[in-house]
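Have a look at the structure below before the remarks.
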Amino acid sequence: QVQLVESGGGLVQAGGSLRLSCVASGGTFSRNPMGWFRQAPGKEREFVALITSSGGSTYYADSVKGRFTISRDNAKNTMYLQMNSLKPEDTAVYYCAVKRYSGNYYARSSYDYWGQGTQVTVSS
């Protein structure tokens, strides 16, 4: 059974940093791109970042570009999201997901497996 488990969320002041982790089990995902999405209260779940299977390419939403860094360690079946210079508008539940080989990287429908999410709250 495929399982993705996020961790590392919490409460942080504006300007602070957090590092999220996503551990995958029950499958082999080293060949799949993986991504992070987030969902704020009352809003749609939105794309945050994607990393290709090898880690050689990354893509970011404009709202986090230059502040967030996605990475992965295939030997540990783990993906990370380093979040710096956090803003109150970054407050959301953050989800990791495994992308299928086809489909747009920013579309939720392109992802087959999802974690349960981890809450990130940024205070002003």
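We use all heavy atoms of the structure for the numbers below, so side chains are in, but hydrogens, waters and symmetry mates are not.
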* Beyond-backbone contact of Thr69 with Tyr80, side-chain heavy atoms, under 4.5 angstrom -> no
* Which atom of Gln82 lies closest to which atom of Ser17, heavy atoms considered -> NE2-CB, 4.0 Å
* Just wondering, more than 12 heavy atoms not from Gln116 lying within 6.0 Å of its CD? -> no
* Please assess Val98 against Trp114 for the test side-chain contact (heavy atoms from CB on, under 4.5 Å), listing each intermediate value before the final yes or no. => CA-CA 7 Å; Val98 177; Trp114 294 83; over 6 Å; no
* Could you grab the distance from atom OG of Ser30 to atom CG of Asn77, nearest 0.5 Å is fine? => 7.5 Å
* Measure the spacing between NZ of Lys43 and CD of Glu89 and express it to the nearest 0.5 Å. => 8.5 Å
* Consider only side-chain heavy atoms of I, L, V, M, F, W and Y, link residues closer than 4.5 Å, and tell whether Leu20 and Val12 are in one cluster. => yes
* Between Tyr60 and Val48, is a side-chain contact (heavy atoms from CB on, under 4.5 Å) present by the stated rule, with each step listed? -> CA-CA 6 Å; Tyr60 296 93; Val48 174; 5.9 Å; no
* So, the side chain of Asp90 versus the backbone of Val122: is there a donor-acceptor pair under 3.5 Å, distance only? -> no
* Verify, without hydrogens or angle tests, whether Tyr95 (side chain) and Arg45 (backbone) share a donor-acceptor contact under 3.5 angstrom. => no
* Given the rule in the side-chain contact (heavy atoms from CB on, under 4.5 Å) test, do Val120 and Leu18 qualify, once you have shown the distances and angles that lead to the verdict? -> CA-CA 9 Å; Val120 171; Leu18 284 174; 3.9 Å; yes
* Quiz item: cation-pi between Arg108 and Phe37, 6.0 Å / 45° -> no
* Main-chain N/O of Gly9 paired with Thr118 side-chain donor or acceptor, under 3.5 Å -> yes
* Residue pair Gln3, Val5: steps toward the side-chain contact (heavy atoms from CB on, under 4.5 Å) verdict -> CA-CA 6 Å; Gln3 189 173 20; Val5 179; 3.9 Å; yes
* Asked: Can you check whether Gly117's main-chain N or O pairs, donor with acceptor, with Glu6's side chain at less than 3.5 Å?
  -> yes
* Structure fact -> Residues Arg72 and Ser53: closest non-hydrogen pair is NH1-CA, 3.3 Å
* What is the minimum heavy-atom distance between Leu4 and Cys22, and which atoms define it? -> CB-SG, 4.2 Å
* Is it true that Lys65 and Asp62 have a side-chain N and a carboxylate O under 4.0 angstrom from each other? -> yes
* Please answer: with hydrophobic residues joined when any side-chain heavy atoms are less than 4.5 Å apart, are Ile70 and Tyr113 in the same cluster? => yes
* Within a strict 4.5 Å, meaning less than it, do heavy atoms of the Arg38 and Glu46 side chains meet? -> yes
* Asked: Do you know the tightest heavy-atom contact between Met79 and Cys96?
  -> CE-CB, 3.5 Å
* From Ser25 OG over to Gln1 CD, what is the distance, rounded to the nearest 0.5 angstrom? -> 8.5 Å
* Between Thr78 and Lys76, is there a donor-acceptor pair closer than 3.5 Å when you use the side chain of the first and the backbone of the second? -> yes
* Result of checking Tyr111, Tyr105, Tyr59 against Phe47 for ring pair (Phe, Tyr, Trp, His ring centres under 6.0 Å) -> Tyr105
* Asked: Between Trp36 (side chain) and Ala97 (backbone), is there a donor-acceptor pair under 3.5 Å?
  -> no
* Asked: Any chance the side chains of Asn104 and Ser110 put a donor and an acceptor closer than 3.5 Å?
  -> no
* Would a hydrophobic clustering, with Ile, Leu, Val, Met, Phe, Trp and Tyr connected at side-chain separations under 4.5 Å, put Leu50 with Met83? -> no
* Asked: Is there a donor-acceptor pair under 3.5 Å between the side chain of Ser85 and the backbone N or O of Arg67?
  -> no
* Ignoring hydrogens and angles, tell me if any N or O in the side chain of Arg100 forms a donor-acceptor pair with the backbone of Ser109 under 3.5 Å. => yes
* Ignoring hydrogens and geometry, is there a side-chain-to-backbone donor-acceptor pair from Lys99 to Gly103 under 3.5 Å? -> yes
* Asked: So Phe68 and Tyr94, would you call those rings parallel, tilted or perpendicular, with 30° and 60° as cut-offs?
  -> tilted
* Asked: Are any side-chain N or O atoms of Ser57 and backbone N or O atoms of Thr52, one a donor and one an acceptor, separated by less than 3.5 Å?
  -> no
